[in-house]
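Have a look at the structure below before the remarks.
In this chain, numbering begins with 1 at the start of the sequence shown. Owing to the predicted nature of the structure, the values given are computational and were not obtained by experimental measurement.
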Amino acid sequence: MQSNYSDREIKRILNNDIEMPYCVNASVSEALNKINTGYEKKGDNMIRFRKINSFKRKIAVAAAVCVLCIGATAGAAALLKWNAKVADKFQVDEPMQEELVENGVATILDASDTSNGVTISAEQSLADDKFMYILFKVTAPEDMLLTEDTFFQSFSLLADGKDPNISYFSGLIQGENGIMEDGTDNVTYWEVWILQNELGYLNGKTLEASFTDLGFDDSINKTGVKTAIEGNWKMSWVINEADVVENTDVNARLESCNAAVTNVSISPISIRVRYDYERNAIEGIAYSDDGTTSTTTYYEDPIMPTYFVLADGSRTEIQAMGPGSTGYIDEETTSYEINLGLTKIADVKNIVAVVFIDGDNEIEVPVK
């Protein structure tokens, strides 16, 4: 598997090999497309994120979208031992931080490894039965400057010592001026987004993260990839996923896409929507690495959810910039499923409905 990607290759991955029309709500669809690393076709399913290791500049898009309430969340993170980067990224206030620790969604990790003066520590994770987010802290020697072009030659995950049944992407957290500042130039953060291909697959398993060779990619100045510090870092811990998903069977028609919403499942870090959706195959163009094209068959997505409705009648936009997947659940039925990872924590106990924008109509689907 290729570990590092040039700017040209990243653009190719982002443009990713297909031309495909969508019947989707713009706010979520555009968000997914901004960080899309590609499509992996499994039967009639389109998995949106392949297993791609080096993922530097694309993460900056996700980081830039979130409006961070730094002052409020950073103080709470210190109180509850949350990592401030996680609290800021997911816009989690103090009461919600405490709740997520208590219900098991948030786990403060204690695993690290040091090689040749560089320490990598697993700081915190957020997890339910489908999605997981992990933050690692990278601390280099004090005289070493970490920049936005810092990367690892390879990054990989194992579950109980085996190649896991997951899709994931990883890379540096980047801010307005490159890597997010931590008050020192020798500290940065590496994040991992995980989509489990099977519900609850990682629960109870030992997850091992491995990093190899810290370096810099100076492709812009044509000096190429440089290895700054050779090393191998490994750390592991047991995954305990939280049972926090609220499932609601519904029946809501979406006329413009000729689909019906049949189930909505929400956790603090994800939303899953199941539809009854007729198979209307469309043709797309697939591009190979050598520039040749071929015709392939895909399916349009039905309309995605746009807002959560809260108990007081207010609405909050569904911010989905993490991993995701769409597709039919099998080869024969019309059951179609969309899974979205959230980058703003959902207050599940306070959500009473989900809104779908169906043409000129708003379809409010009760979930309680």
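With salt bridges taken as basic N to acidic carboxylate O contacts below 4.0 Å, none links K137 and E123. Salt bridge present: E362 and R315 bring a charged side-chain N and a carboxylate O closer than 4.0 Å.
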Side chain to side chain donor-acceptor pair (under 3.5 Å) between T212 and S154, intermediate numbers included: CA-CA 5 Å; T212 301; S154 68; 3.1 Å; yes

Could you check F211 against V138 for side chain to side chain contact (heavy atoms under 4.5 Å, CB included), going step by step and ending with a plain yes or no? CA-CA 11 Å; F211 299 78; V138 181; 5.7 Å; no

Give the intermediate values and the outcome of side chain to side chain donor-acceptor pair (under 3.5 Å) for residues Q91 and Q319. CA-CA 11 Å; Q91 307 171 58; Q319 296 184 18; 3.1 Å; yes

Checking side chain to side chain contact (heavy atoms under 4.5 Å, CB included) for the pair W82/V101: CA distance, chi angles, key distance, verdict? CA-CA 9 Å; W82 269 59; V101 170; 3.3 Å; yes

Kindly indicate, with the supporting measurements, whether the criterion side chain to side chain contact (heavy atoms under 4.5 Å, CB included) is fulfilled by L100 and V244. CA-CA 10 Å; L100 294 179; V244 292; over 6 Å; no

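Pairing each heavy atom of P302 with each of Y277, the nearest pair is CD-CE2, 3.7 Å. The two residues Q97 and V92 make their nearest non-hydrogen contact at NE2-O, 3.0 Å. Between L135 and K85, the closest heavy-atom pair is CD2-CB, 3.8 Å. Closest non-hydrogen pair, L342 versus I318, comes out as CD2-CG2, 3.7 Å. What you find for S267 and D128 is that their closest heavy atoms are OG-OD2, 2.5 Å. Contact between Y275 and P305 at its shortest, heavy atoms only, is OH-CD, 4.1 Å.
Looking only at atom types and distance, the side chain of S115 has no donor-acceptor partner in the side chain of D113 under 3.5 Å away. R253 and N258 form a side-chain donor-acceptor contact under 3.5 Å, judged by distance and modelled atom types alone. For the residue pair D276/T262, the side-chain donor-acceptor check at 3.5 Å is not satisfied. Judged by distance alone, the side chains of T119 and T114 do bring a donor and an acceptor atom under 3.5 Å apart.
Inter-residue side-chain proximity for V192 and M132 is flagged as unmet; no heavy-atom pair is nearer than 4.5 Å. The shortest distance between side-chain heavy atoms of R272 and N247 falls below 4.5 Å. For the pair V309 and E364, the minimum side-chain heavy-atom distance is below 4.5 Å. Residues Y201 and P164 form a side-chain contact, since some pair of their non-hydrogen atoms from C-beta on lies under 4.5 Å apart. Contact check for V365 versus V355: no side-chain heavy atoms found under the 4.5 Å cut-off. Residues K89 and E191 form a side-chain contact, since some pair of their non-hydrogen atoms from C-beta on lies under 4.5 Å apart. Taking the side chain as every heavy atom from C-beta outward, T150 and L214 approach each other to under 4.5 Å. With a 4.5 Å cut-off on side-chain heavy atoms, V245 and D129 count as touching.
The environment of D360 atom CG is sparse: at most 12 non-hydrogen atoms of other residues, nucleotides or ligands sit within 6.0 angstrom. Heavy atoms of other residues, nucleotides or ligands lying less than 6.0 angstrom from CG of D110 number 12 at most. The local environment of CG in N103 is crowded, with over 12 non-hydrogen atoms from other residues, nucleotides or ligands closer than 6.0 Å.
A chain of hydrophobic side-chain contacts below 4.5 Å, direct or via other Ile, Leu, Val, Met, Phe, Trp or Tyr residues, connects L310 to V264. A continuous path of Ile, Leu, Val, Met, Phe, Trp and Tyr side chains, each step under 4.5 Å between heavy atoms, connects L146 with I229, placing both in one hydrophobic cluster. A continuous path of hydrophobic side-chain contacts links L254 to Y336 [ILVMFWY only; heavy atoms under 4.5 Å]. Taking hydrophobic clusters as Ile, Leu, Val, Met, Phe, Trp and Tyr residues chained together by side-chain heavy-atom distances below 4.5 Å, L158 does not share a cluster with L207. Linking ILVMFWY residues whenever their side-chain heavy atoms come closer than 4.5 Å, directly or via other members, places W193 and I173 in the same cluster.
Of the possible donor and acceptor atoms, one in the side chain of N263 sits under 3.5 Å from a partner among the backbone N and O of T248. With D160 contributing its side chain and T206 its backbone, the two residues share a donor-acceptor pair below 3.5 Å. Proximity of a side-chain donor or acceptor of D185 to a complementary backbone N or O of L145 within less than 3.5 Å is not detected. Side-chain atoms of N186 do not come within 3.5 Å of backbone N or O of T139 as any donor-acceptor pair. Side-chain atoms of R279 come within 3.5 Å of backbone atoms of T333 as a donor-acceptor pair (strictly under, hydrogens ignored).
Atom-to-atom distance recorded for R274:CZ and S335:OG is 6.0 Å, nearest 0.5 angstrom. With rounding to the nearest 0.5 Å, the separation of CG in L109 from OG in S121 is 9.5 Å. Interatomic distance, CG of D301 versus OG1 of T326, reported as 4.0 Å (0.5 Å rounding). Annotation: the span from D358 atom CG to S256 atom OG amounts to 3.5 Å, rounded to 0.5 Å. Distance check, rounded to the nearest 0.5 Å: CD1 of I357 to CD1 of I303 gives 8.5 Å. To the nearest 0.5 angstrom, K130 atom NZ is 11.0 Å from L202 atom CG.
By the 30° and 60° cut-offs, the orientation of the rings of W190 relative to F155 is tilted. Taking the six-membered ring where the residue is Trp, F90 and Y133 present perpendicular rings, their angle passing 60° and hence far from 30°.
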Under 3.5 Å, sequence neighbours excluded: what are the donor-acceptor pairs made by side chains of residues 233-242?
residue	atom	partner	partner atom	Å
W233	NE1	V118	O	2.8
E241	OE2	Q196	NE2	2.8
E241	OE2	N203	N	3.4

Let me check something: any side-chain donor-acceptor pairs from residues 345-354 under 3.5 Å, sequence neighbours excluded? List them with distances.
residue	atom	partner	partner atom	Å
D347	OD1	K349	NZ	2.9
K349	NZ	E99	OE1	2.9

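Between Y307 and F356, the ring centre distance reaches or exceeds 6.0 Å.
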